[in-house]
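I have placed the structure first, in the form of structure tokens, so that the comments after it can refer back to it.
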Amino acid sequence: MDRKKIYLSSPTMHGDEQKYVQEAFDTNWIAPLGPNVNAFEQEMEAYTGCGHAAALSSGTAAIHLSLKLLGIGQGDLVFVSDFTFSATCNPIVYENATPVFIDSEPDTWNMSPEALERAFVKYPHPRAVICVHLYGTPAKLDEIMAICQAHDVPLIEDAAESLGSTYKGRHTGTYGKYGIYSFNGNKIITTSGGGMLVSQDGEATKRATFLATQARDPARHYQHSQIGYNYRMSNVTAGIGRGQLLHLEEHKARKKEIYAQYREAFADIPEIAMNPLNPEGDANCWLSCMTIAEESGITPDMVMDALEEVNAETRPIWKPMHLQPVFAANDFIPHNGDGSSVGADIFARGLCLPSDIKNTPEDMELIIGVVRKCFGR
Ligand SMILES: *Cc1c(COP(=O)(O)O)cnc(C)c1O
């Protein structure tokens, strides 16, 4: 096939990244610390209003350290979004704690406050709640935070996909006790790989940095009173992040355009619904997704196959965690009274459309034409 590939969401570099990376080379700061790391943290603090930030090697590491900071371990329960990528919940298991999966609601596809309430009835004493802002759409944070506050349980926001999204005018990731961001290759901005732990609590992020650099006590000799990790971000990758951050708003604007274009192009096809946005927020529209009405007889696979024919990359919707073999023994709290799962329904009927900000008008026209054709338009 010689048709050019249209990507789901690939890195977009601008040149500024190279300038900061060059600086790291020129000054020989090729290490998991250095001026780019400090500056990237400060620039993210200024951009998100998160208070304090610790730059780490991945978003997964940031979730792991947030659990360490809360002292979560063997025998503890953690309520976590069911409809997400496995990186959200794997760190719970690293600490020998137990995830309880909370279903999504249909309005934003994120953690259902109703299911969360019911989880607290069944398990009154979880140690934390981890809530995701899937595909960049903010969750119902007011309702979720009210429940967490009523039960005095800390909230961790997995904002890996929602950097740049706001809820009621404030950035996602800045509402919980801890927030995490990811700079993996396909996220809205990337450092190739990396993440950040943020909190209004500066002592906590300082402790995260300490744990992320092998938990070395302040002594001249190498002394350790705790188990540490090698989780710090490198000064080279932080340089990429600094350059990317300059273009985050631009990326967001372009992602929003793509989403709006799809929505408009499929508006006359009642069998197609775009992923919902939260009216209380401003989503970064990281990935544009669609669901297909069951009665249509069209399956996500049919649409994905048709797009593959023109070399356009798609992706299934995240498969809910309660359907994953590795979590078969874990409890799941559904949103619906009849026990059916909102996340499983979206998974069965949905797909992610090519959402690359480098998509040209011709690419978009091609994708839209292929999808419309699947529905006989
Ligand atoms: C990407 C992602 C992560 C993990 O981030 P990494 O930087 O890849 O470790 C966590 N949660 C969600 C929802 C993600 O999409």
Side-chain angles (χ1 to χ4, degrees), residues 8-11 32 37 40 44 53-68 78-94 99 101-104 108-111 128-139 141 144 155-165 172-173 176 178-198 208 212 229-234 237-238 240-241 244-245 248 251 255 275 283-289 315-322 324 327 343 346-347 350 352 355:
L8 180 82
S9 181
S10 71
V37 176
F40 188 33
M44 279 286 289
L56 302 171
S57 53
S58 71
T60 310
I63 297 171
H64 188 192
L65 288 185
S66 70
L67 297 172
K68 294 295 292 186
V78 177
F79 293 170
V80 57
S81 294
D82 173 63
F83 187 33
T84 185
F85 178 49
S86 64
T88 306
C89 55
N90 282 341
I92 301 169
V93 181
Y94 300 165
F101 296 111
I102 313 295
D103 200 4
S104 289
T108 75
W109 290 7
N110 289 307
M111 182 179 276
V129 172
I130 308 179
C131 146
V132 178
H133 306 292
L134 208 68
Y135 299 125
T137 297
L141 275 171
I144 290 166
L155 175 68
I156 300 167
E157 286 179 83
D158 178 349
E161 302 179 359
S162 69
L163 177 58
S165 300
T172 57
Y178 298 110
I180 77 96
Y181 299 113
S182 166
F183 310 108
N184 209 325
N186 59 18
K187 298 297 191 319
I188 191 157
I189 63 169
T190 180
T191 61
S192 72
M196 214 169 261
L197 175 66
V198 304
Y229 300 87
N230 183 3
Y231 275 175
R232 196 71 163 130
M233 183 181 280
S234 128
T237 56
I240 306 175
Q244 285 272 284
L245 189 53
L248 173 53
H251 288 199
K255 293 270 191 190
N275 58 303
N284 69 7
C285 296
W286 172 56
L287 292 186
S288 289
C289 309
R315 183 197 268 176
I317 293 283
W318 296 127
K319 182 175 180 178
M321 290 303 113
H322 81 278
Q324 302 288 351
F327 294 119
I346 299 166
F347 168 64
C352 306
S355 309

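Atom set for the values below is all heavy atoms of this structure, side chains included, hydrogens, waters and symmetry mates excluded. Numbering of ligands and ligand atoms starts at 1, following listing order. Start at 1 with the first residue, then count along the sequence.
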Look only at the side chain of [X] and the backbone of [Y], and say whether a donor-acceptor pair between them is shorter than 3.5 Å.
X	Y	result
Ser66	Tyr178	no
Asn184	Gly59	no
Thr191	Ile240	no
Asp103	Asp82	no

Suppose we measure from [atom] to each protein heavy atom; which comes out shortest, and what is that distance?
atom	value
atom 1 (C) of ligand 1	Lys187 NZ, 1.6 Å
atom 11 (N) of ligand 1	Asp158 OD2, 2.7 Å
atom 15 (O) of ligand 1	Glu161 OE2, 2.6 Å
atom 5 (O) of ligand 1	Ser182 OG, 3.2 Å

Quick check on contacts: which atoms of ligand 1 are under 4.0 angstrom from a heavy atom of [X]?
X	value
Ala160	2 (C), 3 (C), 10 (C), 11 (N), 12 (C), 14 (C)
Thr84	13 (C)
Ala87	3 (C), 4 (C), 10 (C)
Gly59	5 (O), 6 (P), 7 (O), 9 (O)
Asn184	6 (P), 8 (O)
Thr60	4 (C), 5 (O), 6 (P), 9 (O)
Ser58	7 (O), 9 (O)

Which donor-acceptor pairs under 3.5 Å do the side chains of residues 158-165 make with protein atoms, sequence neighbours left out?
unit_1	atom_1	unit_2	atom_2	d
Asp158	OD1	Ala160	N	3.0
Asp158	OD2	Thr88	OG1	2.7
Glu161	OE1	Tyr135	N	2.6
Glu161	OE2	Trp318	NE1	3.1
Ser162	OG	Thr172	OG1	2.8
Ser165	OG	Gly136	O	2.7
Ser165	OG	Ser162	O	3.2
Ser165	OG	Asn284	N	2.8

Check: His322 ring centre within less than 6.0 Å of Phe101 ring centre
no
Would Gly194 count as a contact residue for ligand 1, given that I'm defining contact as a non-hydrogen atom of the residue lying under 4.0 Å from a ligand atom?
yes
With sequence neighbours excluded, what pairs up with Ser355 under the side chain to side chain contact (heavy atoms under 4.5 Å, CB included) test?
Lys255, Leu287, Ser288
Could you walk me through whether Tyr94 and Tyr229 pass the ring-ring contact (aromatic ring centres under 6.0 Å, His included) test, one step at a time?
CA-CA 13 Å; Tyr94 300 165; Tyr229 300 87; 9.2 Å; no
